[in-house]
Amino acid sequence: MIRKHKEVAICGGLLLIWLTLAVGCSKKQEVGGFGDAAAKVYVAPGTYDEFYAFMSGGFSGQVAVYGLPSGRLFRVIPVFSQDPEKGYGYSEETKPLLNTTHGFIPWDDAHHPQLSMTDGQTDGRWLFINGNNTPRIARLDLTTFETVETIEIPNSGGNHGSPFLTPNTEYVVASTRFSVPIPQKDVPISSYKENFKGTISYIKVDSASGRMKVAFQILVPGINYDLSRSGKGPSYGWSFFSSYNSEQANTQLEVNASQNDKDFIAAVNWKLAEDLVAQGKGQIWKSPHYHNYMDHADVGQSEVVTDVPVLVAEENPGLIYYIPTPKSPHGCDVDPSGEYIVAGGKLAALIPVHSFTKFQAAVAAKEFDGEFGGIPILKYESVVAGEVKEPGLGPLHTEFDGQGFGYTSMFLSSEIVKWKLGTWEVVDRIPTYYSIGHLMIPGGDTKQPYGKYVVALNKITKDRYLPTGPELTQSAQLIDITGDKMKLLLDFPTIGEPHYAQACPATLIKDKSLRWYPIEENKNPFAIHAEGEARVERDGKTVHVYLSTIRTHFAPDNIEGIKVGDKVYFHVTNLEQDWDVPHGFSVMGSTNSELLILPGQTRTILWEPKQPGVIPFYCTDFCSALHQEMQGWIRVSI
Ligand code: RUQ
Ligand code: CUA
């Protein structure tokens, strides 16, 4: 399939490139010749995968959990999107997680999963992921694989550079992809240069509970802050953000934001920022934002937080430096030692690698090359450690194997290049099918990567799978990196659009997995703890049905006395105390979704009967041989 012109859009950037080249889709791979690949990905029935992989669903607003090396999909976890399969975002308990200052928002664009870390290593406790559209960060609990918290990021236009972590999960960061007037005001769009700003936010994570709180924000010049990594080892205390549109263009960015030879990596001294805020140097801004969390009773709560300390970058010398970086950099990655900062200049013909040691020396010697928005720009030559020459086209993201090599995804030339840290020479390359965005090595952003595989996360899969109409699946490709030459092992489809993914050894998570919620600890105010407590209570036009489920019946299963116009809340408690025995609940004609109630849990759904009659309800999850019998009726009268 040769195409003369191929229009490609880079996610995360706003770039359209007309390529008069037959890259990507033209180089269909030979079939066969995979040697022992099948054996390497075969996980025999009844045995486990070595790694959990958490892949973002992109515009599905979800996270998908896969096993590696098999590529088997285990679970889809709803985060920013309502999910009728699980009743997430439909049940009264989970609806608060989707509250924002813009109202109830049942969707977002989830890009970058990030596993919590202790001392720069994955600890298997939580997974964070950003919502790009209505700026939010979510936290998932890896004992339950459920979303337990969301926080809105105030003073932000597009939360892309997020939620990258500091090495002990002290903070998750969030940076503005789209500069906007901050605080918001009604101004001409053409006044971008005077009025538009960005923010870089640090969200404190409580080390015991995981609870998030916006600790402070830094008001920065109005350019697009794209991706980030934190320093570690010698660079601990700093974080690095790629940026583009240093042209500050407000129209036709594909041309106008691609003028400058170099944009910046912003190096932020977050330890200093912490001190400045502690000294009261932050201005307290009134910036209302929602903080939503599942409380001790597993019931969602929303609170509005208003006060946010804001540091103005240009008023606080030493807080931020700009490192010139070619050209419209996208990825920004720090190697395991913490010495090297690698940028993916998506329009650059090379991969620039900065040195933290040189950066510090350049700052001390004031080797500046002017300033931008009051922030000193360092000299490129003073900071750059080396350049990976002729890597291919469209470098985006880099991960590390812990053996001294970097692996960079090349969007335009659809390949992964492997290069050596220190000598910067390209040592291997492998085609991907097609248009790779992110790539992921288990632990590839940590101090000690687990290595073994690199997973390519591809945007386009033309001719790789059975066709499914105009939209084809997106996909991941598993590549063996244990030898000198990378070897393709497996293709597998993914949900939504996988931007980033992270993986860790299954042993960090699997033995902590919760099997059921202990019923004696169920503090939901509408929970019942035994079938004898099941009942119907009326309070004016509101009816509370305290319903229990256990194999294989509901109690009560004959409900009378409901009237047209009532608001009926079904509070369904699953009394099972056994692994993998959820029950479902649905009512004919419900305008809401079903409920899926995990063992020991209570979930509530609202039903508003519109006409008289006798309405059936039933269990939607095949729970035993008598699942078909698990049903009941509700009589509705005028
Ligand atoms: S971004 S590749 Cu958020 Cu690179 Cu998608
Ligand atoms: Cu309970 Cu089917």
Side-chain angles (χ1 to χ4, degrees), residues 8-15 55-59 108-114 129-133 158-164 174-175 177-178 224-229 241-242 244 328-333 343-346 394-399 408-412 414 416 432 434-440 455-460 474-476 494 496-502 547-555 557 572-576 578 580-586 594-599 601 603 617-632:
V8 288
I10 294 185
C11 72
L14 286 170
L15 183 73
M55 304 209 184
S56 75
F59 45 70
D108 216 308
D109 183 15
H111 279 223
H112 314 121
Q114 170 88 51
I129 190 161
N130 63 321
N132 185 49
N133 184 55
N159 177 33
H160 190 259
S162 177
F164 301 97
S175 63
R177 170 163 165 201
F178 310 119
N224 293 12
Y225 297 86
D226 206 13
L227 283 158
S228 173
R229 288 290 185 196
F241 295 83
S242 60
Y244 61 102
S328 299
H330 180 57
C332 177
D333 296 285
K346 54 193 188 268
L396 291 185
H397 299 282
T398 302
E399 296 251 307
T408 302
S409 54
M410 310 300 288
F411 178 80
L412 295 177
S414 281
I416 293 175
T432 59
Y434 305 96
S435 301
I436 180 174
H438 271 270
L439 77 182
M440 180 272 283
V455 178
L457 299 160
N458 302 325
K459 307 296 183 192
I460 293 169
Q474 319 234 5
S475 102
T494 58
E497 177 181 352
H499 283 266
Y500 187 40
Q502 287 211 324
L547 204 62
S548 70
T549 65
I550 196 154
R551 280 162 290 179
T552 322
H553 58 274
F554 290 100
D557 64 357
V572 188
T573 299
N574 182 354
L575 295 173
E576 303 280 355
D578 196 357
D580 198 20
V581 191
H583 292 283
F585 175 78
S586 75
E594 65 154 5
L595 289 176
L596 187 75
I597 314 103
L598 307 184
Q601 226 179 20
R603 287 289 177 258
F617 62 90
Y618 74 106
C619 172
T620 50
D621 186 316
F622 206 105
C623 48
S624 79
L626 295 170
H627 156 81
Q628 292 300 92
E629 282 70 14
M630 194 162 174
Q631 64 158 89

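Bear in mind that the values here come from a model prediction, so they are computed numbers and not experimental data. Atoms within each ligand, like the ligands themselves, are counted from 1 in listed order.
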Student: Go through the side-chain N and O atoms of Ser548 and Thr573 and say whether any donor and acceptor fall under 3.5 Å apart.
Tutor: no

Student: Ignoring hydrogens and geometry, is there a side-chain-to-backbone donor-acceptor pair from His112 to Gly161 under 3.5 Å?
Tutor: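 Flag not set: sc His112 to bb Gly161 has no pair under 3.5 Å.
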
Student: Which ligand 1 atoms are under 4.0 Å away from a heavy-atom of Gly437?
Tutor: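 With Gly437 as reference, the close atoms of ligand 1 come out as 2 (S).
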
Student: Could you tell me if the side chain of Asp557 sits less than 4.5 Å from the side chain of Gln631, heavy atoms only?
Tutor: no

Student: Within 2.8 Å of atom 4 (Cu) of ligand 1, is there any N, O or S atom belonging to His397?
Tutor: yes

Student: Less than 2.8 Å from atom 2 (Cu) of ligand 2 is the window; count the protein N, O or S atoms in it.
Tutor: 4

Student: Mark yes or no for whether Asn130, through its side chain, and Pro163, through its backbone, hold a donor-acceptor pair below 3.5 Å.
Tutor: no

Student: Taking only heavy atoms of His330, which atoms of ligand 1 are found under 4.0 Å from at least one of them?
Tutor: 1 (S), 4 (Cu)

Student: Answer yes or no: is there a donor N or O on one side and an acceptor on the other, between the side chain of Thr408 and the main chain of Pro395, under 3.5 Å?
Tutor: no

Student: Can you classify the ring geometry of Tyr500 versus Phe164 as parallel (below 30°), tilted (30 to 60°) or perpendicular (above 60°)?
Tutor: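 Tilted, since the angle between the ring planes falls between 30° and 60°.
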
Student: For Ser624 and Thr552, which I'm curious about, is there any donor-acceptor pair between the side chains at under 3.5 Å?
Tutor: yes

Student: Which atoms of ligand 1 are found less than 4.0 Å from any heavy atom of His438?
Tutor: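 Every atom of ligand 1 under 4.0 Å from some heavy atom of His438: 1 (S), 2 (S), 4 (Cu), 5 (Cu).
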
Student: Side chain, backbone, both or neither: which part of His111 has a heavy atom under 4.0 Å from ligand 1?
Tutor: side chain

Student: Distance-only, no hydrogens or angles: does the Asp226 side chain make a donor-acceptor pair with backbone N or O of Gly331 under 3.5 Å?
Tutor: no

Student: Does Ser162 have any side-chain hydrogen bond (donor to acceptor under 3.5 Å, both in side chains) partners at least two apart in sequence or in another chain, and if so, which?
Tutor: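 With neighbours one apart ignored, the set is Asn159.
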
Student: What are the atoms of ligand 1, with element, lying closer than 4.0 Å to any heavy atom of His499?
Tutor: 1 (S), 2 (S), 3 (Cu), 5 (Cu)

Student: For Phe59, is the CZ atom crowded, meaning more than 12 foreign heavy atoms sit under 6.0 Å from it?
Tutor: yes

Student: With rounding to 10 degrees, what does the angle His112:NE2 / atom 3 (Cu) of ligand 1 / His160:NE2 come to?
Tutor: 100°

Student: Does even one non-hydrogen atom of Lys459 get within less than 4.0 Å of ligand 1?
Tutor: yes

